[in-house]
Protein chains: 2
Amino acid sequence: MKKSRKTTLSDLSKALNLNISTISRALNDHPKVNETTKKLIKEKAKELDYRPNPLAQGLQKQNTKTIGVIFPTFDTNFFFRVLKGIEKMMHESGYQIIISTAGESRIQEKKAIQSLSSYHVSGIIVFLSFEHEDPSFLIDIQDEGIPLLFMDRIYEEIDANYVISDDFVGMYDTVNQFISKGTKNIIHLQGNLQISTAFNRLLGYKEALLKNKISLNPDFIIPCQHQTEVKTGLRNLFSKYALEDIDLITCYNDYYAFQALEFLKENNIRIPQDIQLLGFANEPLSVYTSPKLSTINQPAEEMGVIASEMILQEIQHNQQGESYQFLTKKMSTFYLKRESTLL
Amino acid sequence: MKKSRKTTLSDLSKALNLNISTISRALNDHPKVNETTKKLIKEKAKELDYRPNPLAQGLQKQNTKTIGVIFPTFDTNFFFRVLKGIEKMMHESGYQIIISTAGESRIQEKKAIQSLSSYHVSGIIVFLSFEHEDPSFLIDIQDEGIPLLFMDRIYEEIDANYVISDDFVGMYDTVNQFISKGTKNIIHLQGNLQISTAFNRLLGYKEALLKNKISLNPDFIIPCQHQTEVKTGLRNLFSKYALEDIDLITCYNDYYAFQALEFLKENNIRIPQDIQLLGFANEPLSVYTSPKLSTINQPAEEMGVIASEMILQEIQHNQQGESYQFLTKKMSTFYLKRESTLL
DNA sequence: CTGTTAGCGCCTTCAG
DNA sequence: CTGAAGGCGCTAACAG
């Protein structure tokens, strides 16, 4: 039950009768170290299973090879897939990932980000869910030299890298396509508009109607703060409208669509014959429903990869003192027909 | 564009003309500090937005308030739910979470754990996926004073906390119950036996047959390394057996069951009238299939919570130099009838 | 109650 | 090419 300590540089230094700084240099492949001693040191290091202490390194260099990631919650699979992409890239580049979820309030969100910054992470990939009236705390973090990359949401005030999926275009194009093929009465199950993705998807829906000169029926936009409200919303709708009045239901996301699917099935409404149903996000489970859910694909994992590449780029540039030009990368979405739609 | 530095203790010290250690003590609520100066210091700290540097603290105290979590992969929703539980508890207790995925080889797995240990995390919650012939590296980490808690898998050689779901009993009880109600011919879609959960679920199946004196038909155990092999396996089975020869298909997990579901539907086999189907794990998506999947529930989020509580306990005991008695907590599973089974 | 000092493990000048 | 010394930010032991 020996509480063994990790071997440190000074352990090596003693073991080899060399100065600690020589050891340090050798291990960092400093050019001005004798090749033979370097080899000697490295061997000894391996023998004693030396592993540098990232805390000490971080304290010294003000930079740990660690990337922070902030999620609003672990609720949807989408984040999971993004994370997988991030994970892959970062580990390839030798970075650790430290994850924090922001919880349910903007105060917690702020705290989570600040806590990450105090860990001297090399950069933070941020999914923000709340509207921050005063985003200056984000700018403060950038000023401390920590690159921020925002996912899926744009802040006009903040100069940074952005990776977003094209929510607007995805919805717009798809609805447009349905209309042009004769679909008339289209519902939208709208998400929480505080969240920009919900806002943009709704916007895509509206614009597509507008473009086709279809007047907006307010009853056809059903606001749901959460997927649990979907069924009630639909019940209301159908208390006022007949089955024939509705052709297609579009949704803020796949989870909303799953709820709608259940509702329709419970009421013996056939999909897609009676009503078509369209999700958004292409969650992996959407292939398992029956009928299989048609949806709009979002390249989640790829978004993670791209985000990682971008923030790594920025980090590198900063380290070398070069200037860096921020980018906004829009990931394209596309309509994925399965069984819950006809077209 | 000022590259502002974070405010440190010595900044406060200068600003207030007080010794740095007084500042430190005041901020840590050390009893022997004058209440007025303490108040003064805290106000100044807030004013300058002082936040302690966890790297420095960690270096000093050999203990960061951080918990490492190792996952084999981000593939299944189960981990996600466990993570949610961990997340909740840890943030309540003021711990950060640092996540690492182990990747596809035992070498990477080892590296991931060691890397976490070098971060001086306060503890590590470990999902191991591979068989390690020489688990001494795990013991080394324990010797360094870092508590390890293993999830969902037991290592006889390693003294530690364990949280596992009762795979054996879950499968055993359920199959037993089906048999006692007259179900005869039961298939098991077996997972990769390297993984102990797969092994235990298979074992539960076998023992249930044994207990009821049903002889084991080797054709009825279909080994699948991965869910992608399920359909082929079933195709083979049905090339040899008729529909009437099979009453129930049990599965290593829900994903296997989803594949089986697809296969059965593709072949116009009715569920549950012709064949019943039983999953394992109660993945959230299992309610969205049709028919809805009957499964064996695993309390994923709760497992995360319990694991967190246990490792936090151990950490606390260690810090106070008390002795600590390791526990093995078995989370109970239960049969959850939905629509894909009759009983 | 407060100040002084040393050190956690590492890197980086500056000398030699 | 190698050694000595200082410091990153913080805490803890020892004085006063």
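Note that the coordinates shown come from a computational prediction; the quantities given were computed from them, not determined experimentally. Numbers restart at 1 for each chain; the letters A, B, ... are given by sequence-line order, proteins then strands.
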Quiz item: With nearest nucleotides of DNA chain D determined for B:Pro54 and A:Val33 from heavy-atom distances, which residue corresponds to the more 5′ nucleotide?
Solution: A:Val33
Quiz item: Do the side chain of B:Thr8 and the main chain of B:Ser10 share a donor and acceptor less than 3.5 angstrom apart?
Solution: yes
Can you pull the salt bridge (Lys or Arg N to Asp or Glu O under 4.0 Å) pairs that have at least one residue in [range], sequence neighbours excluded?
| range | value |
| --- | --- |
| residues 21-30 of chain A | A:Asp29-A:Lys38, A:Asp29-A:Lys42 |
| residues 51-62 of chain A | A:Asp49-A:Arg51 |
| residues 7-24 of chain B | B:Arg5-B:Asp11 |

Quiz item: Take atom NZ in B:Lys88; do more than 12 heavy atoms of anything else shown fall under 6.0 Å from it?
Solution: no
Self-check item: Heavy-atom neighbours of B:Ile107 CD1 exceed 12 at 6.0 Å
Solution: no
Whole Å only: how far is the [atom1] atom of [X] from the [atom2] atom of [N]?
| X | N | atom1 | atom2 | result |
| --- | --- | --- | --- | --- |
| B:Leu27 | D:dG9 | CG | P | 16 Å |
| B:Ile41 | D:dT11 | CD1 | P | 13 Å |
| A:Asn28 | C:dT12 | CG | P | 7 Å |
| B:Leu40 | C:dC1 | CG | P | 16 Å |
| B:His30 | D:dA12 | NE2 | C1' | 10 Å |
| A:Asp29 | D:dC1 | CG | C1' | 15 Å |
| A:Gln57 | D:dG9 | CD | P | 17 Å |
| B:His120 | D:dG9 | NE2 | C1' | 16 Å |

Quiz item: How would DNA chain C look in dot-bracket form, 5' to 3', counting Watson-Crick and G-U wobble pairs with both distances under 3.5 Å and writing | for bases paired to another strand?
Solution: ||||||||||||||||
Quiz item: Going by an N to O cut-off under 4.0 Å, is there a salt bridge joining A:Lys44 and A:Glu47?
Solution: yes
Listing time: all N or O pairs from protein to nucleotides 6-8 of chain D that are below 3.5 Å?
residue	atom	partner	partner atom	Å
D:dG7	N2	A:Gln60	OE1	2.5
D:dC8	O3'	A:Gln62	NE2	3.2
D:dC8	O2	A:Gln60	OE1	3.3

Quiz prompt | Non-neighbouring partners of B:His317 that pass ring pair (Phe, Tyr, Trp, His ring centres under 6.0 Å), sequence neighbours left out | solution = B:Tyr324
Quiz item: By ring pair (Phe, Tyr, Trp, His ring centres under 6.0 Å), which residues pair with B:Tyr162, not counting sequence neighbours?
Solution: B:Phe150
Quiz item: Is it true that the side chains of A:Ser122 and A:Asn63 contain a donor and an acceptor less than 3.5 Å apart?
Solution: yes
Quiz item: Who are the side-chain contact (heavy atoms from CB on, under 4.5 Å) partners of B:Lys330, not counting sequence neighbours?
Solution: B:Ile164, B:Asp166
Quiz item: Mind checking what makes side-chain contact (heavy atoms from CB on, under 4.5 Å) contact with B:Asp159, not counting sequence neighbours?
Solution: B:Phe326
Self-check item: Members of residues 9-20 of chain A that approach DNA chain D, where some heavy atom sits under 4.0 Å away
Solution: A:Leu18, A:Asn19
Just to confirm, is there a sub-4.0 Å distance from OP1 or OP2 of [N] to any side-chain nitrogen or oxygen of [X]?
| X | N | value |
| --- | --- | --- |
| B:Thr22 | C:dC1 | no |
| B:Tyr119 | C:dG9 | no |
| A:Ser24 | C:dC10 | no |

Considering only nitrogen or oxygen atoms on both sides, find all protein atoms under 3.5 Å from nucleotides 13-16 of chain D and state each distance.
residue	atom	partner	partner atom	Å
D:dA13	N6	B:Arg25	NH1	3.1

Quiz item: Between B:Phe79 and B:Phe127, what is the ring plane arrangement, given parallel below 30°, perpendicular above 60°, and tilted in between?
Solution: perpendicular
Self-check item: Set of side chain to side chain donor-acceptor pair (under 3.5 Å) partners for B:Thr64, sequence neighbours left out
Solution: B:Thr66
